[in-house]
Amino acid sequence: MHTADHWENVYLSKSFDTVSWYAPHLAESLRLIEQLCPSKAAAVVDIGGGESTLVDDLLNREYLDVSVLDISGTAIEFTKRRLGTKAGAVGWHVGDVTTYDFGAKRFDLWHDRAVFHFLTHLAARQAYVDRLRRFVKPGGFVLMATFGPSGPLKCSGLDVVRYDGQKLQQEFGEDFELLGSELSLHHTPSGTDQQFLYSWWRVSPEKAEL
Ligand SMILES: C[S@@+](CC[C@H](N)C(=O)[O-])C[C@H]1O[C@@H](n2cnc3c(N)ncnc32)[C@H](O)[C@@H]1O
């Protein structure tokens, strides 16, 4: 099945709080975003934001330049409805991160929880890293949450790749400096635990614009 169809089916058939990745708030993500980008003027994008409440929490913390991309239009519409009038303050994008064109927009921080690890083909990962190089400002930050070395082998019925910092460094290349990482257990709604690796990166200030 095509990736977009897979995710549309997920969001059409399941409620937001029953999917395995559901958490009422993305606490680690929020804490790290505030540490890396304390300025409320920072341009922050949530890649594969789905129906998560990260965008709500960023707006509540008065971040002024928040964008969300997801391959599922259904998920984006759900999140917009939940936000009501606040949705107008957000840059909404529906598309595949590996091919998406944000135009002239550049981000201070790129957040990805549980999207990159679905890219099982090298070409897709290379295309993703090309997007990072193009759309994150020189000196900007990438905050990734992938499954860790002891994480699940599948999610949502799809194969995933598990990562440690070294393996991610090989994918990202020398323009990305690993600033820190931590392992974290996610408690799924069905009662199991999943190991995530949070890692945060600085994009070289000298990186060439693609
Ligand atoms: C496991 S969910 C995580 C959702 C959210 N980040 C969270 O942590 O609650 C993966 C999300 O990534 C989206 N997604 C999957 N592949 C994608 C792609 N190639 N481009 C953009 N979004 C994608 C899915 O629609 C889904 O919302």
Side-chain angles (χ1 to χ4, degrees), residues 1-33 44-58 66-80 82-83 90-102 107 109-132 134-135 142-148 151-163 171 184-190 192 194-199:
M1 192 192 286
H2 191 272
T3 307
D5 295 336
H6 171 86
W7 292 104
E8 277 298 300
N9 282 343
V10 167
Y11 285 114
L12 286 170
S13 60
K14 294 191 171 207
S15 70
F16 70 99
D17 55 355
T18 60
V19 291
S20 61
W21 52 91
Y22 171 73
H25 299 280
L26 300 190
E28 286 96 335
S29 298
L30 276 168
R31 174 174 52 82
L32 290 163
I33 290 170
V44 177
V45 64
D46 188 15
I47 299 298
E51 296 181 348
S52 98
T53 56
L54 183 65
V55 57
D56 312 48
D57 289 333
L58 288 171
V66 181
S67 302
V68 180
L69 166 77
D70 203 278
I71 202 164
S72 165
T74 299
I76 291 284
E77 283 310 313
F78 176 90
T79 307
K80 273 187 185 174
R82 186 182 64 221
L83 280 167
V90 177
W92 299 103
H93 304 269
V94 176
D96 183 332
V97 61
T98 63
T99 52
Y100 199 76
D101 186 352
F102 287 98
F107 300 102
L109 188 141
W110 173 288
H111 170 266
D112 172 333
R113 177 176 181 265
V115 186
F116 184 75
H117 65 202
F118 286 107
L119 304 179
T120 53
H121 295 289
L122 177 63
R125 294 196 295 276
Q126 287 175 337
Y128 184 107
V129 175
D130 281 351
R131 303 285 112 177
L132 285 181
R134 181 154 161 208
F135 294 113
V142 179
L143 175 55
M144 296 287 297
T146 62
F147 283 147
L153 293 167
K154 279 185 176 272
C155 178
S156 188
L158 301 175
D159 290 335
V160 299
V161 183
R162 303 183 294 182
Y163 287 98
E171 299 291 342
S184 157
L185 274 190
H186 166 59
H187 309 294
T188 70
S190 66
T192 57
Q194 297 179 331
Q195 187 195 55
F196 273 78
L197 174 78
Y198 278 80
S199 63

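We use all heavy atoms of the structure for the numbers below, so side chains are in, but hydrogens, waters and symmetry mates are not. Every number for a ligand or one of its atoms is a count from 1 in the order of the listing. Because the structure is a prediction, the values reported are computed rather than measured.
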Quiz item: Quick one: does Thr3 get an N or O within less than 3.5 Å of an N or O on ligand 1?
Solution: no

Quiz prompt | ligand 1 atoms in contact with Arg113 (distance to a heavy atom under 4.0 Å) | solution = 3 (C), 5 (C), 6 (N), 7 (C), 8 (O), 9 (O)

Self-check item: Worked verdict on Tyr163 versus Phe116 for ring-ring contact (aromatic ring centres under 6.0 Å, His included)
Solution: CA-CA 10 Å; Tyr163 287 98; Phe116 184 75; 5.4 Å; yes

Quiz prompt | Options Gly48, Gly95, Ser29, Ser72, ranked by nearest heavy atom to atom 21 (C) of ligand 1, top entry | solution = Gly95

Quiz item: Considering Gly50, Cys155, Ala23, Ala114, which one's heavy-atom position lies nearest to atom 10 (C) of ligand 1?
Solution: Ala114

Practice problem: Do me a favour and list the nearest non-hydrogen protein atom to atom 13 (C) of ligand 1 with residue, atom name and distance? | Solution: Asp70 OD2, 3.4 Å

Practice problem: Answer yes or no for Val115: is there a heavy-atom contact with ligand 1 below 4.0 Å? | Solution: yes

Exercise. Provide the number and element of each atom of ligand 1 under 4.0 Å from a heavy atom of Asp96.
Key: 18 (C), 19 (N), 20 (N)

Quiz prompt | From His186 atom NE2 to Thr192 atom OG1, the distance as rounded to the nearest 0.5 Å | solution = 7.5 Å

Exercise. Would you please determine whether Gly49 falls within less than 4.0 Å of ligand 1 on a heavy-atom basis?
Key: yes

Self-check item: Ile71 N/O to ligand 1 N/O under 3.5 Å
Solution: yes

Quiz item: Would Glu77 and Lys80 pass as an ion pair if we require N to O under 4.0 Å?
Solution: yes

Exercise. Establish, from distance only, whether the side-chain atoms of Thr79 and Glu51 form a donor-acceptor pair under 3.5 Å.
Key: no

Quiz item: When the ring planes of Phe118 and Trp7 are compared, do they come out parallel, tilted or perpendicular, using 30° and 60° as the limits?
Solution: perpendicular

Quiz item: In ligand 1, which numbered atoms sit nearer than 4.0 Å to a non-hydrogen atom of Ser52?
Solution: 7 (C), 9 (O)

Practice problem: May I ask you to identify the nearest protein heavy atom to atom 20 (N) of ligand 1, giving residue, atom name and distance to one decimal place in Å? | Solution: Val97 N, 2.9 Å

Quiz item: For ligand 1, which atoms, with element, lie under 4.0 Å from some heavy atom of Trp7?
Solution: 10 (C), 15 (C), 16 (N), 24 (C), 25 (O), 26 (C)

Quiz item: Under 6.0 Å from the six-membered ring centre of Phe196 and within 45° of its axis: does the NZ or CZ of Arg113 meet both?
Solution: yes

Quiz item: What residue and atom, counting heavy atoms only, is the protein's closest point to atom 1 (C) of ligand 1, and at what distance?
Solution: Trp21 CD2, 3.3 Å

Exercise. Scan Tyr128, Trp21, Phe147 and name whichever one has a ring pair (Phe, Tyr, Trp, His ring centres under 6.0 Å) with His117.
Key: Phe147

Practice problem: For the residue pair Asp96 and Thr98, confirm or rule out a side-chain donor-acceptor distance under 3.5 Å. | Solution: yes

Quiz item: Does the side chain to side chain contact (heavy atoms under 4.5 Å, CB included) test come out yes or no for Leu119 and Glu171, once each step is laid out?
Solution: CA-CA 11 Å; Leu119 304 179; Glu171 299 291 342; over 6 Å; no

Exercise. Check Tyr11 against ligand 1 and report side chain, backbone, both or neither, counting heavy atoms closer than 4.0 Å.
Key: side chain

